Amino acid sequence: MQFDVLTLFPEMFEPVKQSIIGRAEEKGLIKINLINIRDFSKDKHKKVDDTPYGGGAGMVMRPDVVYDAYSSIKNKENAKVIYLSPQGKVLNQKKVVELSKQKHIILLCGHYEGIDQRVIDEIVDEEISIGDYVLTGGELPAMVLIDSVSRYVDGVLTEDSTKEESFSENLLEYPQYTRPEEFRGKKVPDVLISGHHENIHKWRKEKSLEITKQKRPDLLK
Ligand code: 4G3
């Protein structure tokens with residue numbers, strides 16, 4: 001799966017190249033291309049933004065510069081262009097799984113007060129938000145999307161870690177325990193030590209339900 005990221009701050013994506021996602025890229029399972037929008041400014045000062053028509057605070061990213069950066073991406077005929085913005089539909093696990101079936105995703109990261117509406121209307125297929133709060137740019141949301149979607153690309157994670165995952169069944173995770181068997185007077189639940197796989201499965205399912213009722217009853221509705 002290929003991600004092309006249109007951004008003014010490609011250096012922000014450095015940490016993504018580490019960890020599990022970095023490993024997946026080394027294995028050739030995913031590819032992350034960073035496109036610096038500033039490289040497409042024709043201005044001698046490499047300016048990418050300007051004052052808003054009609055007045056008001058802040059700056060707006062110019063449509064021509066963003067469009068030229070987008071145009072530089074090759075073989076984008078079947079790509080889905082996503083704009084990360086607080087006005088988008090809020091990302092959830094169902095959407096993450098749906099996006100993981102795409103071969104090619106282009107992520108547009110905005111800054112300042114936003115991007116000129118005309119280039120958004122011209123190139124964007126879908127507007128997505130990672131939650132109801134405002135950030136200084138779309139880069140962190142783009143990284144959240146890359147990370148969450150890449151987990152579902154074949155070979156990135158071990159088989160059972162995504163299958164067993166409670167969120168795909170709309171339930172929260174059951175509690176996990178490891179050694180020591182006793183910690184500050186607290187014992188690991190007997191059933192987990194019993195080796196009785198059927199009972200363990202039943203216990204975990206019950207715990208998932210109990211925790212979801214307690215912490216996120218909205219997920220059961
Ligand atoms: C566009 C996304 C981009 C318009 C981006 C601000 C939060 C999210 C930006 C705009 C962002 C989010 C950049 N902040 N909740 N900031 O996904 O007003």
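Since the structure is predicted, the reported quantities are computational estimates derived from the model, not experimental observations. In listed order, ligands and their atoms are each counted from 1.
For Lys94 and Glu98, the salt-bridge test fails: no basic side-chain N is under 4.0 Å from an acidic carboxylate O. No salt bridge links Glu210 with Lys213; every basic N to acidic carboxylate O contact stays at or beyond 4.0 Å. A salt bridge links Lys17 and Glu25; the closest N-O separation between the charged side-chain nitrogens and carboxylate oxygens is under 4.0 Å.
The option from Val134, Ile115, Leu84, Val60 that lies nearest to atom 3 (C) of ligand 1, judged by heavy atoms, is Leu84.
For ligand 1, the polar-atom distance check finds no N/O of Gly110 at less than 3.5 Å from any of the ligand's N/O atoms. Of the N or O atoms in Ser129, one or more lie within a sub-3.5 Å distance of an N or O in ligand 1. For ligand 1, one of its N or O atoms has an N or O atom of Tyr133 under 3.5 Å away. Checked by distance only, ligand 1 and Gly131 come closer than 3.5 Å through their nitrogen or oxygen atoms.
Aromatic ring centres of His104 and Phe3 lie farther apart than the 6.0 Å criterion allows.
Thr212 contributes a side-chain N or O that, together with a main-chain N or O of Leu172, makes up a donor-acceptor pair within less than 3.5 Å. Without hydrogens or angle criteria, Asp125 side chain to Val81 main chain gives a donor-acceptor distance under 3.5 Å.
Put simply, the residue from Asp116, Ile115, Ile120 that forms a side chain to side chain contact (heavy atoms under 4.5 Å, CB included) with Arg118 is Asp116.
Taking the centre and axis of the six-membered ring of Tyr70, the NZ or CZ atom of Lys76 falls inside the cone set by 45° and 6.0 Å.
Those atoms of ligand 1 that come under 4.0 Å of a heavy atom in Ser85, given as number and element, are 1 (C), 2 (C), 5 (C). Contact atoms of ligand 1 toward Pro141: 2 (C), 8 (C), 17 (O) (distance under 4.0 Å to a heavy atom of the residue).
Counting only heavy atoms of the protein, atom 17 (O) of ligand 1 lies nearest to Ile130 N, 2.8 Å. The protein heavy-atom contact nearest to atom 16 (N) of ligand 1 is Leu135 O, 3.0 Å. Closest to atom 9 (C) of ligand 1 among all protein heavy atoms lies Pro86 CD, 4.1 Å. Closest to atom 4 (C) of ligand 1, if we only count protein heavy atoms, is Tyr83 OH, 3.6 Å.
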